[in-house]
Novice: 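This structure is in structure tokens; I'll ask about it shortly.
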Amino acid sequence: MCGECGCGITSEVQKGHTYYRCTKKKGVCAQKYIREEFLAEQVNDTIKKVSLPSEWKEFMLAELEKEQASSFHSDELFVQNLKNQIKSVEETLDRLLDAHLDSTITSEEYIAKKQKLLNQKINFSEKLKDFERKGNRWLELSRQFILDSNQAIIIASEENLEAKRDFLKKIGSNPRLASRSLFLDFKNPWRILAETPVASLCDAPNLGEKTNSENWLGYRDSNPD
Ligand SMILES: [Zn+2]
């Protein structure tokens, strides 16, 4: 898309070179042609911005492993607690039925109390199902993000245009051309990588330092407490 007028971009071949330009369907637009080679270079630069060096990949994956190990125990407790609560509600339901059969409570009392307990049971069961479904999803997402960002430099250096286009779609939205430059709105957490100066990523991380990997990756929020 043209960054000035919002029209589509079209390509044409002139003297053996491919050029891209704004279709200018909406009228006046001052944007000029951009040569394919020059555009390709900018696509590669954009992809390289979110590339994660291999030293970092290894370090981040190791951090995730540790995080996974330490969260395992609290996850177990969380699940056990829900299971206990469900069991307790079921026992109360049994006692309620006994009381009803012994005629110690009226039918109205029984029905009202039963409904309340059933609602509680549904609530706990849904929480449990929800946790089992997405409990450690942030870990998987983080791991995938690390692996993808480590692939960026390879995708940028290869000739596979389709892979480049797919990767651009993955990392950003609203691609546009203006002043012969490619602009892209980086998606999270790619944006954080794109905004991190390359120089600071070139050194292997200090392994002794406590890092805040979960915040850095931005996925921690999806883990229920
Ligand atoms: Zn335009």
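Since the structure is predicted, the reported quantities are computational estimates derived from the model, not experimental observations. Keep in mind that the numbers below use all heavy atoms, side chains included, and drop hydrogens, waters and symmetry copies.
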Novice: Answer yes or no: is there an ion pair linking E195 with R191, defined by an N-O contact shorter than 4.0 Å?
Specialist: yes

Novice: Please enumerate all residues that pass side-chain hydrogen bond (donor to acceptor under 3.5 Å, both in side chains) together with N119, with sequence neighbours excluded.
Specialist: Q115

Novice: With sequence neighbours excluded, give me every ring-ring contact (aromatic ring centres under 6.0 Å, His included) pair touching residues 92-115.
Specialist: H100-Y110

Novice: I want to check something: taking the side chain as every heavy atom from C-beta on, are K164 and N160 in contact at a cut-off of under 4.5 Å?
Specialist: no

Novice: If the condition is side chain to side chain contact (heavy atoms under 4.5 Å, CB included), which residues does S103 pass it with, not counting sequence neighbours?
Specialist: none

Novice: Considering all heavy atoms of both residues, which atom of I47 and which atom of A152 are nearest to each other, and what is their separation?
Specialist: CG2-O, 3.3 Å

Novice: Restricting to non-hydrogen atoms, name the atom on V50 and the atom on A194 that form the minimum distance, rounded to 0.1 Å.
Specialist: CG1-CB, 3.9 Å

Novice: Is any side-chain heavy atom of R95 closer than 4.5 Å to a side-chain heavy atom of T92?
Specialist: yes

Novice: Are more than 12 heavy atoms from other residues, nucleotides or ligands located less than 6.0 Å from atom CD of E12?
Specialist: yes

Novice: With clusters defined by side-chain heavy atoms of hydrophobic residues (ILVMFWY) lying less than 4.5 Å apart, directly or transitively, does L117 cluster with L128?
Specialist: yes

Novice: Run the side-chain contact (heavy atoms from CB on, under 4.5 Å) test on W138 and L64 for me, step by step, so that the C-alpha distance in whole Å, both residues' side-chain angles and the decisive distance to 0.1 Å come before the verdict.
Specialist: CA-CA 10 Å; W138 71 272; L64 274 186; 4.2 Å; yes

Novice: Nearest 0.5 Å, please: how far is NZ in K113 from CG in L97?
Specialist: 14.5 Å

Novice: Determine whether I154 and I171 fall in the same hydrophobic cluster, where Ile, Leu, Val, Met, Phe, Trp and Tyr are linked whenever their side-chain heavy atoms lie under 4.5 Å apart.
Specialist: no

Novice: Can you give me every donor-acceptor pair (side chain of residues 30-42, partner residue at least two apart or in another chain, under 3.5 Å) with its distance?
Specialist:
| from | atom 1 | to | atom 2 | distance (Å) |
| --- | --- | --- | --- | --- |
| Q31 | OE1 | S179 | N | 2.6 |
| Q31 | NE2 | E4 | OE1 | 2.8 |
| R35 | NE | E37 | OE1 | 3.2 |
| R35 | NH2 | H17 | ND1 | 3.4 |
| E36 | OE2 | Y20 | OH | 3.2 |
| E37 | OE2 | H17 | ND1 | 3.4 |
| Q42 | OE1 | L182 | N | 2.7 |
| Q42 | NE2 | R180 | O | 2.7 |

Novice: Flag yes if more than 12 heavy atoms outside K187 fall under 6.0 Å of its NZ atom; otherwise flag no.
Specialist: yes

Novice: Just jot down the side-chain hydrogen bond (donor to acceptor under 3.5 Å, both in side chains) partners of N174, sequence neighbours excluded, or say none.
Specialist: D185

Novice: In the structure I gave you, are the side-chain heavy atoms of D75 and V79 within less than 4.5 Å of one another anywhere?
Specialist: no

Novice: Would a distance-only check, ignoring hydrogens and angles, find a side-chain to backbone donor-acceptor pair under 3.5 Å from T196 to I192?
Specialist: yes

Novice: Specify the closest pair of heavy atoms between N150 and P53, including all atoms of both residues, with the distance to one decimal.
Specialist: ND2-C, 3.7 Å

Novice: Report yes or no: do F183 and F186 belong to one cluster of Ile/Leu/Val/Met/Phe/Trp/Tyr joined by side chain heavy-atom distances under 4.5 Å?
Specialist: no

Novice: Is there side-chain contact between K49 and L193, with at least one heavy-atom pair below 4.5 Å?
Specialist: no

Novice: Below 4.5 Å, heavy atoms only, C-beta onward: do C7 and C29 meet side chain to side chain?
Specialist: no

Novice: Are there over 12 heavy-atom neighbours, none belonging to K24, within less than 6.0 Å of that residue's NZ?
Specialist: yes

Novice: In terms of heavy-atom contacts, does CD of E91 have more than 12 from other residues, nucleotides or ligands at under 6.0 Å?
Specialist: yes

Novice: So, taking the atom named NZ in K57 and the one named CD in Q151, what distance separates them when rounded to the nearest 0.5 Å?
Specialist: 7.5 Å

Novice: Determine the minimum heavy-atom distance between A178 and G3, stating which atoms define it.
Specialist: CB-CA, 4.1 Å

Novice: As an exercise, state the distance from CZ of F59 to CG of L52, rounded to the nearest 0.5 Å.
Specialist: 11.0 Å

Novice: List in chain and number order the residues that pass side-chain hydrogen bond (donor to acceptor under 3.5 Å, both in side chains) with Q144, two or more places apart in sequence or in another chain; answer none if no residue qualifies.
Specialist: D148

Novice: Do F145 and M60 make a side-chain contact, defined as non-hydrogen atoms from C-beta onward lying under 4.5 Å apart?
Specialist: no

Novice: Write down the atom of S74, the atom of S71, and the distance for their closest heavy-atom approach.
Specialist: OG-O, 3.1 Å

Novice: Measuring from atom CZ of F124 to atom CD of Q85, what distance do you get when rounded to the nearest 0.5 angstrom?
Specialist: 4.0 Å

Novice: Output the distance between atom CG (N123) and atom CG (L118), rounded to the nearest 0.5 Å.
Specialist: 12.5 Å

Novice: Less than 4.5 Å apart, side chain to side chain, heavy atoms only: is that true for D166 and I155?
Specialist: no

Novice: Give the cluster check for V89 versus I122: same hydrophobic cluster or not, with ILVMFWY residues linked at side-chain heavy-atom distances below 4.5 Å.
Specialist: no

Novice: Does any part of the side chain of L61, heavy atoms only, come nearer than 4.5 Å to the side chain of L147, both counted from C-beta?
Specialist: yes

Novice: Please step through salt bridge (Lys or Arg N to Asp or Glu O under 4.0 Å) for the pair K66 and E63, ending with a clear verdict.
Specialist: CA-CA 5 Å; K66 276 190 242 168; E63 284 292 300; 2.9 Å; yes

Novice: What is the distance from atom CD of E132 to atom NZ of K129, rounded to the nearest 0.5 Å?
Specialist: 10.0 Å

Novice: Following the transitive rule for hydrophobic clusters with a side-chain heavy-atom cut-off under 4.5 Å over Ile, Leu, Val, Met, Phe, Trp and Tyr, establish whether V43 and I153 coincide in one cluster.
Specialist: no

